[in-house]
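This report refers to the structure that appears directly beneath it.
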Amino acid sequence: MSQKNPFLGVWILDPNSCQYSMGEPPKSGRYEIREDGDKLIFTMGWVDAEDKPLEMSFAVLVDGEEHPFENPALADSTKYRYQSERILESWSYKDGRELGYSRRELNEAGTIMLVVQQVSDPNGGSLQNLATYHLGTA
């Protein structure tokens, strides 16, 4: 990763960009990524389709290794890695199996982040959600 991590900052959801095959897209959203020592801190806030405000925050190491996740109700462990300077990937695991995969990809200018989330459905297929975020201000 370069000296200044291009993923750091506050990202604002473009609700019109959402293409969801699982769940309802949020009406609005904010995605903040910051560093704390050797970890990345993710803080996400959104308003769901029923106007309910929700928030989630967690810290991860981005080293390509699987680590215990701090909220075992959601996942036992996660793995984060930079595929390139513009692509940050993650996997989540529960009970020894992969739950999902996420890919965050920045445009050339580093001002737009496409987030792709994939999970396996019970029938062996895959469900995918897409959303675009624009670099905003705190």
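Under a 4.0 Å N-O distance rule, the pair Asp51/Lys27 qualifies as a salt bridge. By the 4.0 Å N-to-carboxylate-O rule, Arg81 lies close enough to Glu89 to be salt-bridged with it.
Note: Phe42 and Phe58 have parallel aromatic rings, judged against thresholds of 30 and 60 degrees for the angle between ring planes.
Using a 4.5 Å cut-off between side-chain heavy atoms of Ile, Leu, Val, Met, Phe, Trp and Tyr, with links allowed through other members, Tyr80 and Met44 fall into the same hydrophobic cluster.
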Please evaluate residues Tyr82 and Val62 with respect to the criterion side-chain contact (heavy atoms from CB on, under 4.5 Å), reporting the C-alpha separation (whole Å), side-chain torsions for both, the decisive distance (0.1 Å), and the verdict. CA-CA 7 Å; Tyr82 295 106; Val62 184; 3.3 Å; yes
Go through the steps for Gln128 and Ser21 under the test side chain to side chain donor-acceptor pair (under 3.5 Å), then give the verdict. CA-CA 6 Å; Gln128 178 173 278; Ser21 61; over 6 Å; no
Just do the side chain to side chain donor-acceptor pair (under 3.5 Å) check on Arg34 and Thr43 with the steps written out, would you? CA-CA 9 Å; Arg34 62 184 174 83; Thr43 302; 5.1 Å; no
Decide side-chain contact (heavy atoms from CB on, under 4.5 Å) for Asp76 and Tyr93; before the verdict, give the C-alpha distance in whole Å, the side-chain angles of both, and the deciding distance to 0.1 Å. CA-CA 6 Å; Asp76 296 330; Tyr93 304 93; 5.5 Å; no
When you look at Arg86 and Glu105, which way does the side-chain contact (heavy atoms from CB on, under 4.5 Å) test go after all the steps? CA-CA 6 Å; Arg86 291 187 12 241; Glu105 184 169 356; 4.0 Å; yes
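Using a 4.5 Å heavy-atom cutoff, the side chains of Ile112 and Leu106 are not in contact. Side-chain atoms of Pro26 and Asp48, non-hydrogen and from C-beta on, never get closer than 4.5 Å to each other. By the 4.5 Å heavy-atom criterion applied to side chains, Leu13 and Cys18 are counted as neighbours. Inter-residue side-chain proximity for Asn5 and Glu35 is flagged as met; some heavy-atom pair is nearer than 4.5 Å. Residues Ile33 and Ile41 have side chains not in contact (no heavy-atom distance under 4.5 Å, counting atoms from C-beta outward). Within the 4.5 Å cutoff, no side-chain heavy atoms of Glu66 are placed close to those of Thr78. Two residues are said to be in side-chain contact when any heavy atoms from C-beta on lie closer than 4.5 Å; Val119 and Met22 meet this criterion. With contacts defined as side-chain heavy-atom distances shorter than 4.5 Å, the pair Leu130/Val115 does not qualify.
Residues Leu8 and Leu40 approach most closely at CD2-CD2, 3.9 Å, considering heavy atoms.
Taken to the nearest 0.5 Å, the CG atom of Asn71 stands 6.0 Å off from the CE atom of Met56. Separating the CH2 atom in Trp11 from the CE atom in Met113 is a distance of 5.5 Å, to the nearest 0.5 Å. In this structure, Ser77 OG and His67 NE2 are separated by 9.5 Å, a value rounded to the nearest 0.5 Å. Rounding to the nearest 0.5 Å gives a distance of 12.5 Å between NZ of Lys4 and CD of Glu85.
Taking the six-membered ring for Trp and the full ring otherwise, Phe7 and Tyr31 have centroids separated by 6.0 Å or more.
Using modelled atom types, no side-chain atom of Asp14 and backbone atom of Tyr133 make a donor-acceptor pair closer than 3.5 Å. Side-chain atoms of Asn107 come within 3.5 Å of backbone N or O of Thr111 as a donor-acceptor pair. Counting only distance, with no hydrogens or angles, the side chain of Ser17 and the backbone of Thr132 share a donor-acceptor pair below 3.5 Å.
Under the side chain to side chain donor-acceptor pair (under 3.5 Å) rule, Ser90 has a single partner from Lys79, Gln117, Arg104, Arg103, which is Arg104.
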